[in-house]
Amino acid sequence: MNSNRPSQTDSTQKAPTAKLPVDQDPDVIYRELVGNLQAYMREEKLDTIQKAYQFAAHHHRDQKRRSGEPYITHPLAVANILTSLRIDIASIVAAILHDTVEDTDATLEDIEREFGQDVSNLVDGLTKISKIKFRSSQERLAENFRKMVLAMAQDLRVILVKLADRLHNMRTLDNLAQVKRQRIAEETLEIYAPLANRLGLYGIKSEMEDLCMRELKYELYRDISNKVQIKRAERESYIADVRTILANELAKYGFTNLVVYGRPKHFYSIYKKMVERGLEFEDIHDLFAFRIIVDNVKDCYEALGVVHAMWKPMPGRFKDYIAMPKANLYQSLHTTVIRPNGEPAEIQIRTHEMNQTCELGVAAHWMYKEKNAPQGSGNADLKKFSWLRQIMEWQKEIKDPDEFLEAVKVDLFQEEIFVFTPKGDVIQLPAGATALDFAFNVHTKIGITTVGAKVNGRMIPIKKTLKNGDIVEILTAPHQKPGKDWLSFVTTSKARNKIRSYLRSEQRDRSRALGKEMLAQELHHFGLDFDKLKSAEIEPICRFGKESTLEDVLVAIGYGKVNPNELLSRAFPARQPKVPEKTEVLKQGSEKPRTTSGEKKSGENGGILVHGIENVLINFARCCHPLPGETVVGFITRGRGVTVHRGSCPRALDLDPQRRVEVHWAQESEDSRGQHAAFLRVTAQDRQGVLAEVTSAISACGANIQRAQIRVTPDLSGILEFEMTLQSLTQLQAIIRKVESIPFVQKVERMSTHRINKK
Ligand code: MN
């Protein structure tokens, strides 16, 4: 090649044949693929690869990538990435075909006919996943993630191909718009790289992370990569030195058939270290990991002994992933030693087989299978991945997609620690797990009744974070119940889910009881008795309550989602209490000038509408103190206007039916309702701080406490009674729910009237 030749000539020469650069020529990439496959696959299988190449090339024939190269280069490159995992032939074929159904006129039926069921299932899975767009919104992110996990559980190979697809897309981001590149990089860092890590695919994970970093934090990326480059020669001699010393020393002890190598850590892991430990690049010394590979497990520990005899181990940095493999099946010994010059060096020791698992990750299993077992079973390997099984169980249990996402993210993407039961059983937990997480991990029953914990023989708070190697003992008490505050410090999704479901069922029980009481009162008003409801009466209640069972209706009422009066009015229109004479509705409350009049209180009439009577004085009965939002009934008094009682007030029943008048609450804005008295009785364990929590809960809901009284019963329960002013039944219900959720609160009741100070 004549380098002096003008480039002009060069391009004109090439133009007529439209010859592509070598790395963009499909045939060249294809030959490379075949070469890689030949290294681990029998020759006769390569016919299928040839066929897949022709099929995909034909269907993608008119398509180009953004860069201008033929589209087929992409699926071929994806297949090529997968050969490094020594993956089976069906996955390679699926990789070559992965975009044909999505992007061309090829159908799944075509693929099944040409390549068989196994391949077409894989392509189907990939087509489905390709429709997932993660970043669109949190909600869809969650739902889509669930789909992806499902696809993974159906056949792990789908995810392997998907990861290779994403890696190649990351490598070839350059021609996309900035916004899109960023989105893809963020998604990769958040979902795909951790997934690759979880599947033990460290090579893919590291490259993804570095590519993402280059995209998202370019300045830092360039800075670190420059610094790593600058001292390259120095570092290479450092690596060679350490390697020689290790090999020589180990040889003295008869380790002759060993491999020792060192390599720099990838940029993103250096970056993470800088961020996590708040260090400058110059302060990070273990930029390299050295790896010693020996024949068997016994040799691993012996080699470790040799290393530790030679260099001092750094305390707390030894990890035995042979005895306790990581969730992705990774096995190795890790130690960090201090060399005589004071520099630390990280050393990993493992067998050849472990090394293979480390490099191929989950794919190592297909490689072993290739010889005898038939292809196509992704599920056999599922058993080995307990975390994946766990996810499958959650997927059945957890209905809320957001909770599911949270569960998966927490447990899938965290490093793990190993702790022990007092009997010496190993429990694996994500880093950051607390003693309470441990308790729930052992058994839900234990978790729910946990009152305290001992770590290494000493009492600790249950919210304390555990460390590797801790021996944890859980103390329980039968009366203990989970509190809402527990959710604030547990970190595993198992504990979180169990606590949530406990709280939910408890809350549900309380809401049902409250709802039953409210509905029973209301039914009375409609001439019905809750305990004597017939199925013909229950049916419309359910129908108009939009729930499938009466039980669910009660819960909905208790939660304040359904108004019992409105429900019954619609369910039993014929039974509606009769309106005396005229049907004209006067809005007493709303006619008052609310904002202009200073001396008139805005809620003078409390927003009460009286059927057929104008300008009437309204009193609220002191026997029952009704609140806006609940059913009320009015009675015309002699000279004191209309007194409004709760519909259920026993005193109201005794009053003269002739004087009864229908009243109801105006639909007004919150601030025009005025203040109404309400009374609450709270029974709680007599603990320090409970009163403060209850009062602040009441205030937080916007009510004013007028008076409070506390007494302690002989059985040491604290009884707190409150007189408050507030604006509506909804507000009171919110207060009740909030107070009920406070730890040690046993019971919360609304009282109809003043009993405070009467005791
Ligand atoms: Mn693709």
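In this chain, residues are counted from 1 in sequence order. A quick note: this is a predicted structure, and the numbers were derived from the prediction, not measured. Both ligands and their constituent atoms are indexed starting at 1 by order of listing.
Of the possible polar contacts, none joining the Thr83 side chain to the Arg86 backbone as a donor-acceptor pair under 3.5 Å is found. Judged by distance alone, the side chain of Asn121 and the main-chain N or O of Asp118 form no donor-acceptor pair under 3.5 Å.
Between Tyr268 and Tyr221, the distance separating the two ring centers is not shorter than 6.0 angstrom. The ring of Tyr71 has its center closer than 6.0 angstrom to the ring center of His74.
Within His74, the N, O or S atom lying nearest to the Mn ion (ligand 1) carries the name NE2.
At a threshold of 2.8 Å, the Mn ion (ligand 1) has no backbone or side-chain N, O or S atom of His168 nearer than that distance.
To the nearest 10 degrees, the angle centred on the Mn ion (ligand 1) between OD2 in Asp99 and OD1 in Asp165 reads 160°.
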